[in-house]
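Each remark here refers to the structure printed beneath this line.
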Amino acid sequence: MSDEQRRDSLADQAAAWVPPWDRPRPPAAEDTPTSPDESAAPPDTEERGAGEPQRVEAASDEAGSDEAGSDEAGSARPDLGAVTKGTAGESGDAGDVPRRQLAGRRRATPAPEPAPELSDTELRGALEAILLVVDEPVSELVLAQVLEQPAERVGPMLDEIAAGYTAAGHGFELRRAAGGWRLYTRPEYATYVERFVLDGQSVRLTQAALETLAVVAYKQPVTRSRISAIRGVNCDGVIRTLVTRGLIEECGTETDSGAFLYRTTTLFLEKLGLNTVDELPPLAPFLPDDVEELADATR
């Protein structure tokens with residue numbers, strides 16, 4: 001083919017070139033013919049051959065058709081951008097999993113290391129050291145929390161310590177009192193301890209205070225009027241004294257009359273060396289033989 005014929009062919013192709021926005025859209029998938037010949041033919045085959053659009057665009061660019069070239073390039077960019085975004089989205093989704101896992105790992109706080117388990121000798125020594133400085137009975141749960149040891153070990157160890165003190169004949173003993181444990185001097189040495197601590201300066205409860213305290217201990221919760229009726233005298237002043245010393249306390253009101261109810265305190269149990277009021281001695285041995293006759297006479 002001569003140069004003149006080649007130029008005529010390029011001119012014809014340029015004249016027959018249709019801009020992308022004027023080209024007919026390819027049929028939808030449902031409208032695509034099922035014929036093998038028609039389905040095999042690519043769209044726009046009649047308008048342009050394979051590899052010819054590039055030469056046409058180049059020719060149009062040389063001829064000054066910059067606008068058509070830029071529009072065609074612009075129509076191709078969204079497809080490339082969609083592919084790029086889709087690829088980035090896929091890679092982003094694939095990369096989000098380790099990021100979330102790393103974020104979760106950063107937020108997770110490491111579990112505290114468990115406290116080392118003390119041997120029986122160490123546990124025994126630690127319990128004895130604490131019991132020497134307490135000023136009130138301390139429960140097994142508190143001791144277990146302080147030592148960071150299971151409560152199942154603390155209780156049996158305290159029983160073992162108490163039994164050891166008793167067997168060894170020490171002048172003190174470990175006793176359960178007021179819901180906890182505390183060291184006490186033995187009753188047989190109370191005279192010497194009292195002589196050393198009080199040195200002749202003792203503040204004892206009066207007979208009226210002891211009788212009132214006994215009524216509260218055995219009849220609690222009880223009202224003032226009931227205490228006065230049992231003792232046969234007004235007990236308001238004595239009750240105030242016992243409340244001030246912390247031996248009894250208010251514990252609500254009576255439903256019918258609204259009068260205050262009184263009960264003994266943990267200090268009362270601690271002073272008597274009792275764990276609960278159920279350990280109080282029974283009253284029957286201290287009652288007179290004619291108590292029933294006296295009760296009938298007072299009715």
Side-chain angles (χ1 to χ4, degrees), residues 131 133-143 172-299:
L131 291 171
V133 298
V134 298
D135 55 355
E136 60 184 9
V138 57
S139 65
E140 298 174 6
L141 181 59
V142 174
L143 291 172
F172 56 89
E173 62 180 349
L174 180 60
R175 191 190 310 166
R176 187 191 294 269
W181 292 83
R182 186 179 180 183
L183 292 172
Y184 289 88
T185 56
R186 292 195 180 276
E188 52 266 31
Y189 305 114
T191 305
Y192 307 106
V193 175
E194 182 178 359
R195 189 183 305 168
F196 174 79
V197 174
L198 300 178
D199 193 17
Q201 300 177 3
S202 61
V203 179
R204 296 181 178 272
L205 292 176
T206 62
Q207 185 66 27
L210 288 174
E211 292 177 1
T212 304
L213 184 59
V215 172
V216 175
Y218 283 95
K219 295 292 185 179
Q220 59 183 318
V222 61
T223 61
R224 288 190 181 188
S225 59
R226 179 62 175 164
I227 298 171
S228 300
I230 293 174
R231 293 196 59 231
V233 293
N234 191 325
C235 301
D236 291 348
V238 179
I239 291 176
R240 284 195 296 269
T241 301
L242 295 175
V243 171
T244 302
R245 296 195 177 185
L247 297 175
I248 64 173
E249 62 183 357
E250 295 179 0
C251 60
T253 57
E254 194 176 35
T255 305
D256 298 333
S257 62
F260 288 110
L261 295 171
Y262 292 90
R263 66 182 178 187
T264 56
T265 62
T266 55
L267 180 62
F268 168 81
L269 298 175
E270 182 181 349
K271 293 297 184 182
L272 295 183
L274 303 175
N275 190 33
T276 63
V277 292
D278 296 334
E279 297 180 2
L280 288 170
L283 283 177
F286 303 99
L287 294 177
D289 297 335
D290 55 347
V291 62
E292 295 180 358
E293 298 177 1
L294 293 175
D296 293 338
T298 56
R299 288 176 183 173

Starting at [atom1] of [X], measure out to [atom2] of [Y] and round the result to the nearest 0.5 Å.
X: Ile227; Y: Ile248; atom1: CD1; atom2: CD1; answer: 6.0 Å
X: Leu213; Y: Lys271; atom1: CG; atom2: NZ; answer: 12.5 Å
X: Leu242; Y: Cys235; atom1: CG; atom2: SG; answer: 9.5 Å
X: Trp181; Y: Leu174; atom1: CH2; atom2: CG; answer: 5.5 Å
X: Glu173; Y: Arg175; atom1: CD; atom2: CZ; answer: 4.0 Å
X: Thr241; Y: Leu205; atom1: OG1; atom2: CG; answer: 9.0 Å

Taking all non-hydrogen atoms of both residues into account, name the closest pair between [X] and [Y] and its distance.
X: Cys251; Y: Pro221; result: SG-CB, 3.7 Å
X: Leu274; Y: Glu279; result: CA-OE1, 3.7 Å
X: Ala177; Y: Pro137; result: O-CB, 3.1 Å
X: Val134; Y: Val138; result: CG1-CG1, 4.2 Å

> With a 4.5 Å limit on heavy-atom distance, are the side chains of Leu269 and Asn275 in contact?
Replying inline: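 No, their side chains stay 4.5 Å or more apart.
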Counting only pairs under 3.5 Å, give me each side-chain donor-acceptor contact of residues 259-267, with atom names and distances, residues two or more places apart or in other chains.
from   : atom 1 : to     : atom 2 : distance (Å)
Tyr262 : OH     : Arg224 : NE     : 3.0
Tyr262 : OH     : Arg224 : NH2    : 3.2
Arg263 : NE     : Glu249 : OE2    : 3.1
Arg263 : NH2    : Glu249 : OE2    : 3.3
Thr264 : OG1    : Gln220 : OE1    : 3.2
Thr264 : OG1    : Gln220 : NE2    : 3.1
Thr265 : OG1    : Gly246 : O      : 2.5
Thr265 : OG1    : Leu247 : O      : 3.3
Thr265 : OG1    : Leu267 : N      : 3.4
Thr265 : OG1    : Phe268 : N      : 3.4

> For atom CZ of Phe172, is the number of surrounding heavy atoms from other residues, nucleotides or ligands below 6.0 Å larger than 12?
Replying inline: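 For Phe172, atom CZ is crowded (more than 12 foreign heavy atoms under 6.0 Å).
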